[in-house]
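First up is the structure itself, then whatever we jot down about it.
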Protein chains: 4
Amino acid sequence: MEINGVKIRDTFAEGFGIKVTRMIVTAATKKLALIAATEATGYGTSVIGCPAEAGIDCYLDPSETPDGRPGYAIMICHGSKKKLDHELMERIGMGILTAPTTAVFNALDSEEVLKTGNKLKFFGDGFQEKLEIDGRTIHSIPIMSGDFLVESAFGFQDGVAGGNFFIMANSKMSALVAAEAAVDAIAGVEKVITPFPGGMVASGSKVGSNKYEFLGASTNEKMCVTLKDKVDSDIPDEVNGVMEIVIDGADEESVRAAMKAGIEAACTIDGVLEISAGNFDGKLGAYLINLHDLF
Amino acid sequence: MEINGVKIRDTFAEGFGIKVTRMIVTAATKKLALIAATEATGYGTSVIGCPAEAGIDCYLDPSETPDGRPGYAIMICHGSKKKLDHELMERIGMGILTAPTTAVFNALDSEEVLKTGNKLKFFGDGFQEKLEIDGRTIHSIPIMSGDFLVESAFGFQDGVAGGNFFIMANSKMSALVAAEAAVDAIAGVEKVITPFPGGMVASGSKVGSNKYEFLGASTNEKMCVTLKDKVDSDIPDEVNGVMEIVIDGADEESVRAAMKAGIEAACTIDGVLEISAGNFDGKLGAYLINLHDLF
Amino acid sequence: MEINGVKIRDTFAEGFGIKVTRMIVTAATKKLALIAATEATGYGTSVIGCPAEAGIDCYLDPSETPDGRPGYAIMICHGSKKKLDHELMERIGMGILTAPTTAVFNALDSEEVLKTGNKLKFFGDGFQEKLEIDGRTIHSIPIMSGDFLVESAFGFQDGVAGGNFFIMANSKMSALVAAEAAVDAIAGVEKVITPFPGGMVASGSKVGSNKYEFLGASTNEKMCVTLKDKVDSDIPDEVNGVMEIVIDGADEESVRAAMKAGIEAACTIDGVLEISAGNFDGKLGAYLINLHDLF
Amino acid sequence: MEINGVKIRDTFAEGFGIKVTRMIVTAATKKLALIAATEATGYGTSVIGCPAEAGIDCYLDPSETPDGRPGYAIMICHGSKKKLDHELMERIGMGILTAPTTAVFNALDSEEVLKTGNKLKFFGDGFQEKLEIDGRTIHSIPIMSGDFLVESAFGFQDGVAGGNFFIMANSKMSALVAAEAAVDAIAGVEKVITPFPGGMVASGSKVGSNKYEFLGASTNEKMCVTLKDKVDSDIPDEVNGVMEIVIDGADEESVRAAMKAGIEAACTIDGVLEISAGNFDGKLGAYLINLHDLF
């Protein structure tokens, strides 16, 4: 199968279950909303080493937010409900409440909820007030610069982590620009994030290590461009640049839409030769997404 | 005392000891260096709730970095050496190693060091190499997109957390713009970060709570503009906007320089009326920085 | 009439006829598209002194552009068809053709057209080719870095220049932040631009001059905050900050939608007291847009 | 000659004389200064089709500007003194005076001057005032949002246009990323601009045309990557991507420093194979800058 002359390998991405929250951060201006959204979702590429997987989903025009101000939809994800609860508390409390003019609204309905706002309200030391905005229960907490608004409860649901694809190109920089193009396109798909830096993954890993017993993960030497001539490489001869895109989504459908948009975008970039995907032979993850089935 | 017609209160900021690291993140382009620096320093406003205090110190021109590429100096801070060690490992390993074309160099000489690079090298699964660049010991780790370079050891030293000042203005937005101006000016001072979102603190807190025994900290109601008429407020009559700037630095001298630059910048903004600072009567922190002594 | 406690004056904005073009600039990545769109629309605040009025309308996701790449809709406007023709030729030829990986497509259907692409094609010196993309006639011009694509003809129509409103606030900075919020909201309305720097107008002018006969326009002293106590000012007592938003649109409907969105956004900002608009008693412009009629 | 394994051709760049102005635009915040600087320097890639060549030289910290606020040094250039005078008047009057909180200071001393501020002051309609700031004669002009400050006179000097080099790489995207890296590095050199979009030139031209007598310039087919197999190409076999950097500077020394910094930066990018430069056999330009002499 080919898209725009680029070979799409007959393989699949293997994704994992993860608990997903999605909320809307608004502020007086687009710039202020972005500042808060960025702080709250930083240090969140992978739960392998970060306290959560987190990222900005998309920008929302004032006409699309509960309080008519510019906002960003963000997602914070973790496999453990308890840790997710902690992360929402701290990422909202330390990264959004502390930012000027912000408010945070739930953007994911679910039966079971995390009562982040209901707990954060005590920071108001008795001066907090309960409001209703857009049919939602909101706590207004007086802070130095004004009042911080936070929704009482945030929904969470079983989503998908680790949706992915590899971009293989004729040079390192072709793969890099294609990865940027893919991230740009995925930004237009709702309910997904690309949690790695700038949305791009420069390093691929394998489970365990061939050499060091104490390692849980190590570089995937068969996919390293600079080791092409030193190992039994999985990289085709004409490929000299490889980048990966990793996607977390609120559901499989959104991850599939993101993979499709990202792959199509990567295939518009001169020098991209093949698209592949990462999996563990279907032995580890609950979601197997075949690349050919996306199109 | 007045600067540009703005009253500088005769008070002091009370800072605390914290262990500080400083490193240089370089990449192929300024944009790529910023992406990695941002991810690695996110979710790092205050150790009260974040795993570290972290931020970008300044941009460094290619002529100022060890490998002649554009870079950002970043700082990661924690009170505990053990936790600082963990944070460097994960913030570099998950936020910079995973970003395309990056390298990380130490930017703080000290006797005792954190051997982050020396540990991260094992990710190379035997394919890592030891290099010398600019007189430094560097580990080159093959990753999917190329080779990630990381210095073997990073210095840390006893620095200062919680340098601060308050901006009091005729309106909320005057305080907000003045805070932005202060952050812009502090960006020109080396060896300091303003770890809160966009460098600005919209919320001030007091130790403990008047109402809830289970709280370690709660809103400082006497400094909340929307509670001015409801409590025995510390906010002058004509003041309707308050913002705080919090500064962490590698040493007291740098924090003092940052406070000076930030206060002078805030005083250029129309509507700023008074500058104050936060302290605990000198009972909690090791560093007492009098505002009048700065000028 | 009040919105969110802000008085909306019973007055009208007076707009003028102008010829409007609208085109889509795409590139390999969002960033590259923005670079080209910015260069091509710079130095374009008002035809009083600039060669055209120009600006970015909105970002378009890859799914919304003719070639499936990220793009920006831009608008270039002038009262004279001949000058508009010249501006399209030079702004596309010098500002977009010269930028890497770009393409330009028409985004305004009309009977009469400007044959910009049909003229630019000769730059290809015989190596140009005619293509059909998305049902459009496109010229592919080989340049150093690849092939530049430009649609053969661009539509233009009679639009509206000078849609406007004034934001009056309790401080200069409240007016400034409210102007930024208004621009953010107007960005969500299609077929309009806010051509002044950052979308905001810091200076208002009157026709002619009281003092200098040689001047065609001079400062509107009755609306200058720093002259409030020196002249017979139009600024209310409690107002200390004034900013204007000026809007050009492809049609009156779009300008009205932009004024509505911008005013509503300004009214979310703390400290905004009144919204007014600029007119010449209806004697100069063809479009009279009453503020109260917008809501 | 080689740098980092990249061949530097034994050739020279041919530059032309141009009159250069340099000024500092300051504002309340870095962001506001950038907005004004960007508007005032847009639509300014080449005097072949643009009304001027213009660009941002560098950011200046508050400690480096005449009024202690963040600023950008910008340069506006033209071969004709009369046209340069016009461009300063309109680019400052329409692009900076109209932007909130700005001031403009001269940054180039010369005997002969352009009296831009002295003429712009009449916009104040009698309410303007003359000030002295930092030893400079400044006109304060009341505008709607406050007072606009502009220096009375701006220096200009005979500078250099068209300093340049070509980046030749193994793929289009390698050349593109290398061009971005070069622009990043040149940003650290004072008194120069890279006036093309994002600092990069995607199109190279030759004087006249082989096919169309009416053309003054046309594509340089011998340097077009997509025509490599169709013409007697100047592009080496292994090169598949070409980008050009064009530099204007206040003097030859600055242009040489910029070329050096830019070439060294391009040579850090994986896939760059050769650096060349554009000239007209020394027949047209006054400045011949040999690449080998730079190092």
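Chain naming here is simple, since letters A, B, ... match the order of the sequence lines and numbering starts at 1 in each.
- For D/T38, the part sitting under 4.5 Å from any heavy atom of chain C is the side chain, from C-beta outward, and nothing else.
- Heavy-atom distances place both the backbone and the side chain of C/P142 under 4.5 Å from chain D.
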Practice item. Run the numbers on C/M200 and D/T98 for side-chain contact (heavy atoms from CB on, under 4.5 Å), then give the verdict. Key: CA-CA 8 Å; C/M200 306 175 279; D/T98 58; over 6 Å; no
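- Proximity to chain C is absent for every atom of D/F148, based on heavy atoms less than 4.5 angstrom apart.
- With no hydrogens or angles considered, no side-chain donor-acceptor pair links C/D125 and D/T219 at under 3.5 Å.
- Of the two parts of D/P100, the backbone and the side chain both hold a non-hydrogen atom closer than 4.5 Å to a non-hydrogen atom of chain C.
- At a 4.5 Å heavy-atom cutoff, D/N220 makes no contact with chain C through either its backbone or its side chain.
- Residue D/A175 does not touch chain C at all, counting heavy-atom pairs closer than 4.5 Å.
- Contact annotation for D/E244: both backbone and side-chain heavy atoms come within less than 4.5 Å of a heavy atom of chain C.
- Only the side chain of D/L32 comes within contact range of chain C, judged by heavy atoms closer than 4.5 Å.
- Interface residue D/T41: only backbone heavy atoms are found under 4.5 Å from chain C.
- For chain C, no part of D/K222 is nearby; none of its heavy atoms comes within less than 4.5 Å.
- C/E90 has its side chain within reach of D/Y43: a pair of non-hydrogen atoms, C-beta onward, lies under 4.5 Å apart.
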